[in-house]
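Reading through the structure tokens given below for one structure.
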Amino acid sequence: MISAPRTIAEAEAVQDRLRPLVDLVGPGPAEPRTVAGLDVAYAEDGVRLAAAVVVLDTRTLTVVDSAVAVGRVAFDYVPGLFAFRELPTLLDALDRITTIPDVLVCDGHGIAHPRRFGLACHLGVLTGRPAIGVGKTPLVGSWEPPARQRGAWTPLIDGTETVGRVVRTRDGVKPVFVSVGHGMALDNACSLVLTLSPQYRLPETTRQADRLCRAALVAGVVTDRG
DNA sequence: GCGACAG
DNA sequence: ATCTTGTCGC
């Protein structure tokens with residue numbers, strides 16, 4: 001890692017510096033063949049963590065590659081600066097996969113962020129890969145509840161900008177918040193999320209990644225000293 | 001000033 | 001994120 005910010009001001013400066021590098025034009029791969037899910041789990045001390053990257057075949061939703069990395073939180077939790085906590089360990093995990101995924105599906109937001117630079121943008125810019133954010137709860141923006149049916153959606157609007165979509169991935173189940181991270185159009189991002197969520201609320205990518213990093217913690221991969 | 005606030 | 005029992009619904 002290069003410059004690890006230590007203060008809120010430094011972290012915000014990093015986001016402001018990288019934000020112009022976000023690609024909001026590229027539509028993304030027409031037919032993503034592999035998709036990576038990323039997630040982290042925290043140890044009981046709340047300091048050590050395990051990050052997992054799981055690469056799935058988009059057609060079969062089967063795991064074709066995966067990796068785990070362990071580390072320590074790199075920043076206090078501050079809404080809007082969440083990425084700095086997990087970024088170093090997530091990047092370590094990404095370094096350990098041998099596949100180059102067509103899209104990164106991140107557990108958090110992309111441009112649906114106060115400074116339009118959430119975790120998905122950060123990971124997209126740093127890796128140069130198309131990336132999207134799938135959040136379980138909103139960070140910014142207002143919206144109307146989508147219709148009850150799976151596939152229904154409403155725009156997520158912050159001020160005068162549409163920063164994402166509120167997407168129903170299961171009938172009558174709480175929707176997810178999808179936003180562009182890097183190099184992928186919102187339409188395509190939402191289609192992909194639905195493809196990745198045939199059965200559960202969250203995409204298989206994040207479900208598998210969540211499973212893997214939790215298993216890593218149980219397995220004691222994260223030990224003393226970390 | 002008061003509340004909201006990804007994971 | 002993580003701490004946690006029962007409960008509603010298919």
Under 4.0 Å between a side-chain nitrogen and a carboxylate oxygen: does that hold for [X] and [Y]?
X	Y	value
A:Asp107	A:Lys136	yes
A:Asp210	A:Arg207	no
A:Asp39	A:Arg211	no

Classify [X] by what it touches in the nucleic acid, base, sugar-phosphate, or nothing, heavy-atom distance under 4.0 Å.
X	answer
A:Gly135	sugar-phosphate
A:Leu90	nothing
A:Gly80	base
A:Pro114	nothing

In whole angstroms, how far is the [atom2] atom of [N] from the [atom1] atom of [X]?
X	N	atom1	atom2	result
A:Leu119	C:dA1	CG	P	13 Å
A:Asp76	C:dA1	CG	P	18 Å
A:Asp158	B:dA6	CG	C1'	13 Å
A:Arg116	B:dA6	CZ	C1'	14 Å
A:Leu123	B:dA6	CG	P	18 Å
A:Leu156	B:dA6	CG	P	13 Å
A:Arg214	C:dA1	CZ	P	7 Å
A:Asp210	B:dG7	CG	C1'	11 Å

Report summary line: Among B:dC5, B:dG7, C:dA1, the one nearest any side-chain atom of A:Leu139 is B:dC5

Query raised in the report: B:dG7, B:dC5, C:dT2: which one has an atom nearest the side-chain heavy atoms of A:Ala41?
Result: C:dT2

Report task. Show the numbers, then the answer: is there a ring pair (Phe, Tyr, Trp, His ring centres under 6.0 Å) between A:Phe82 and A:His109? Result -> CA-CA 10 Å; A:Phe82 162 66; A:His109 300 288; 9.4 Å; no

Requested in this report: Take A:Glu31 and A:Thr58, measure what side chain to side chain contact (heavy atoms under 4.5 Å, CB included) needs, and give me the verdict at the end.
Outcome: CA-CA 9 Å; A:Glu31 252 176 47; A:Thr58 314; over 6 Å; no

Query raised in the report: Does A:Tyr77 lie flat on the base of C:dA1, that is, centres under 5.5 Å apart and planes under 30° off?
Result: no

Query - Presence of A:Thr137 side-chain N/O under 4.0 Å of B:dC5 phosphate oxygens OP1/OP2 - result: no

Query raised in the report: Taking only N and O in the side chain of A:Lys136, is any of them less than 4.0 Å away from OP1 or OP2 of B:dG7?
Result: yes

